[in-house]
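So that the names make sense, note that chain A is the first sequence line, chain B the second, and so on, each numbered from 1.
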Amino acid sequence: MITSSELILSLVLGLIYGLVALGIYLSFRIIDFPDLTCDGSFVLGAASASIVLQADLHPLLALTIAFISGALAGAMTASLNRLLKIPALLSGILVASMLYSVNLEVMGGLPNIPLIDSTTIFNLHPSIPILLILSIFTFVIICLLGYLLNTDLGLALRSLGQNQQLAKHVGINITLLTILGLALSNGLISLGGALLSQYQNFADIGSGIGTLISGLAAVMLGEQLLPFRSVWIKLSSCIIGAVLYRFVIGLALHNEILHLETYHLNLIVGLMMITIFIINRRTRRC
Amino acid sequence: MLILQNISITLNKNTKLERPVLQNLSLTVTPGEFVVIIGPNGAGKSTLLNIITGSLKPDSGLVSLAKAKRKKNIAIVTQDPRVGTMEQLTIYENMALALKRGAKRGFKPIYNKKRKELFHRKLALLNMGLEKRITDLVANLSGGERQALSLIMACLTKTKILLLDEITAALDPKTATQIMHLADHIIRTEKLACLMITHNMNHALKYGDRTLLLKNGHFAESFTRATKTNITPATLAAKFED
Amino acid sequence: MKKLIVSLSTLAVIALALVFFPGCSNDQNSSALPKICILQTANHPALDKTVQGIKTSLTNKYSQQGITIVTESAQSNPTLAKQIAEKFKRQNPSIVVGVGTMPTQTLQATCPNIPLVFASVTDPKGAGLVKEPKNPKNNITGVSNTLPLNLQTKILVLLLKKIAPVNTSFALGFPYDPKEPNSLSLIRLLTPLAKQEGITLKPQAVSSTAEVPQAAAKLSKLGLQAHFVSNDSTILSSLINFTQTSTVPVISSDTDTINSATLAFGPSQTKVGQTAGELIISILNGKKASELDILYPTLEDLEIVANEKDLKRFKITLSNAELAEIKKEAIRLTETKVDSKS
């Protein structure tokens, strides 16, 4: 009953949430900062992109603005933590919850902005399939990130998550790099939100629900399946993990076979994820 | 050259633990000089290093190097090899990180031929075969190999002053001897000014142009290379007591 | 190398499992039974009642065996809504139904070729669903869930006069969740109308059900005569809690919630659902969705009900005859106003 169009949908959503996974990978893994800003910055991306689109401006401009606004949110969380010494988890929670008001303000007090009449990145050239646009987009982002992480600056970012004492000794400005890392991370997450709203043709204040969970699940699923050291494989595995996670949800939605109700969905998704982890462990051991 | 003038510092000010650590301490390390510091626990040895690196600010007194210049000119190796290296990065990446000490880190790729040759040459000095394992994760190295790597990393850029903080404390005796020998070799060939803290009396006597005993917040005694020949490790340790 | 082989084979196994998932056979609508797929924003009493209304009117017409009805909840998550909509599309339903604004938008974007009927959307035009409520064109029609606002204002002022007979001007608390499109547009439109009748609206934002008692306590300090609760999921979910904490009567605009409020007026959500059900039946009978105007609850659908037990708490008595009188009076006032306008 899983059909080709559902597979394509999982791919599309997987690629969009792949950006979220990349952002989460940057914060939780690369610079080792438990950043909870993402539920807010995802919606911020959707909100800021949609007001740009409503003003009939170019979709690429909308994506740029979404990235910048997300980056500002991330920089805010990092600054609260590094400059005001507010604990990392709390900084993220504070910014995410403040973003709720900011997002409503950006959206002009409306919880939902329709984009049905706007030119989005997906209907700019209707002849190009959405999947192709997203694949190219993701490919470019991975190339840029992979390049960055293998530069002196990127190496400094990677060192943050491992040994801050040595990082300090070799003259790395930890505050500045944490701000940079979280800005990049939330910029990507915000881009994800901007793409989702354009794909769905509306921006919704509720679309941030579960961003963190799906991003983390994608990162860990990817790490489990492709445990390699190379930065390139790690980045790609975030995307693969995100696509797989969407597949799992797509599968779990077919719960009518088991005569279950919609509200059983989360339970089924959880059980399927656990199964994947167990199978993977087993095959690796023997 | 490093000059410390009349340094005083009190730690945990305005608490029950308030304690004057350094009092009117002065020290001059000339270029190329190797100074060893010994002293009982709590004498203020680590505090002194922290003041030199700039992570602690003295209550009074002067440090000759401006704070901004210290990052570039001071390298430090500590006793824990896990602190001196990044476990989850390769040897190459660790060295690339150290290569940019105090310099701007930009968008240049870390991998290039020039660096590879440089790292290869430096690692070959160790005679440990690390140059053949340059893409291995540091997590796969032994404690001695890692300490050797941190020494190389500390001296990778043009440093003026090398600080060694009990670098052999976590190593077995054989590896400790090997690492000390290596450190001495690097200091001599690179003509570095070096300040070493140690609890190993043998090392304190064998190495260094000068050995200083830090006690009660100031240098209680000083031994030159000539005077050190007449002292045994046991008599040196006894000086901690009185 | 071994690690790579294991990884690739695991991925391959998962991919195969996906393709040959048990039950992968196409269970397309081979039978001739009409199939209706309903997607609601979330599970909460008001929306559940709307869905119930749709189901009732459909099963009344076709009987349980004569029609297949699938109901799913998007759990307030737009991404999940999208995946459910895609699943619906493949099941070849005769009609898809959106209950709430977000699922309707999602269904419209996902299945443009399947007739779409919505219920419980306050502002179909503002949500980008239709250009014009008359002859909606886009293969879409449905039922809004709000009474004309001037009618609501008249009822409110009549009820307030019963609650506080000595007052000439009134202050009315209005708790709402800023996530709700319905509530926000209501505040914007209702404030000037209420002012004309001497009612000052005191909005109070509440972003989760947990904050509801606090909001009630805070509003109660403002010297209000009553609270007004509109069709707002968050407030309705914890209405009973709100009412119990409140020191003044609570007026709800959803008659199905009367057991948790003091007074309630409006079209019942069940009735909204039933009306949507009738639109579905018309389409099944061969009408095109685009030919059916979007329906708004009419004056005839208006009901005003009271919760006797809670009224006693405020020492107010309102007989059924009095309520009927208020209804008649409100309709009369509204109609004369419309007349004088035209």
Side-chain angles (χ1 to χ4, degrees), chain A residues 25-33 82 85 140-181 183-184 187 219-220 223 226-235 237, chain B residues 49-50 52-55 67-90 92-112 115 135-140 146 149-150 153-157 159 162-163 165:
Chain A
Y25 174 68
L26 275 179
S27 55
F28 277 73
R29 288 288 190 256
I30 296 275
I31 66 166
D32 192 21
F33 188 107
R82 295 294 312 174
K85 307 292 174 211
V140 172
I141 297 271
I142 287 200
C143 286
L144 288 175
L145 268 184
Y147 179 84
L148 173 76
L149 289 178
N150 278 315
T151 62
D152 286 320
L153 186 68
L155 188 61
L157 272 177
R158 282 156 69 195
S159 77
L160 277 199
Q162 296 203 20
N163 185 341
Q164 297 215 345
Q165 201 176 338
L166 178 58
K168 227 184 269 171
H169 280 167
V170 297
I172 289 170
N173 184 337
I174 294 182
T175 301
L176 195 69
L177 276 178
T178 307
I179 292 177
L180 182 76
L184 198 57
V219 170
M220 290 178 187
E223 278 173 349
L226 296 163
F228 297 98
R229 229 171 55 207
S230 149
V231 168
W232 295 99
I233 295 187
K234 286 201 158 152
L235 293 176
S237 75
Chain B
L49 287 197
N50 284 334
I52 297 174
T53 57
S55 40
K67 208 176 165 189
K69 282 192 177 165
R70 286 187 210 162
K71 267 196 178 133
K72 207 172 167 145
N73 290 313
I74 298 178
I76 184 165
V77 182
T78 54
Q79 58 173 312
D80 188 352
R82 274 172 305 185
V83 175
T85 48
M86 303 255 173
E87 282 193 353
Q88 292 304 316
L89 295 182
T90 63
Y92 186 100
E93 287 165 338
N94 267 279
M95 295 183 80
L97 204 58
L99 186 68
K100 283 283 172 178
R101 173 200 314 282
K104 247 199 146 109
R105 291 164 204 269
F107 293 101
K108 268 200 183 145
I110 50 173
Y111 296 99
N112 67 47
R115 282 187 190 184
T135 54
D136 274 19
L137 284 191
V138 167
N140 298 333
R146 287 168 94 175
L149 178 63
S150 18
M153 283 165 63
C155 308
L156 205 52
T157 50
T159 19
L162 179 63
L163 304 178
D165 187 2

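- Across all their heavy atoms, A:Leu166 and B:Gly84 have their closest contact at CD2-O, 3.4 Å.
- Interface remark: B:Leu99 contributes no atoms to any contact with chain A (heavy atom separation under 4.5 Å).
- Only the side chain of A:Leu148 comes within less than 4.5 Å of a heavy atom of chain B; its backbone N, CA, C and O stay farther away.
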Could you list each donor and acceptor atom pair linking chain A to chain B at less than 3.5 Å?
| from | atom 1 | to | atom 2 | distance (Å) |
| --- | --- | --- | --- | --- |
| A:Tyr147 | OH | B:Phe107 | O | 3.1 |
| A:Asn150 | O | B:Ile110 | N | 2.7 |
| A:Asp152 | N | B:Lys108 | O | 3.1 |
| A:Asp152 | OD1 | B:Arg115 | NH1 | 3.1 |
| A:Asp152 | OD1 | B:Arg115 | NH2 | 3.3 |
| A:Asp152 | OD2 | B:Arg115 | NH2 | 2.9 |
| A:Leu153 | N | B:Gly106 | O | 3.1 |
| A:Arg158 | NH2 | B:Glu93 | OE1 | 3.3 |
| A:Arg158 | NH2 | B:Glu93 | OE2 | 2.6 |
| A:Gln162 | OE1 | B:Gln88 | N | 3.0 |
| A:Asn163 | ND2 | B:Arg82 | O | 3.0 |
| A:Asn163 | ND2 | B:Val83 | O | 3.0 |
| A:Asn163 | ND2 | B:Thr85 | O | 3.1 |
| A:His169 | O | B:Arg101 | NH1 | 3.1 |
| A:Val170 | O | B:Arg105 | NH2 | 2.7 |
| A:Arg229 | NH2 | B:Thr135 | O | 2.8 |

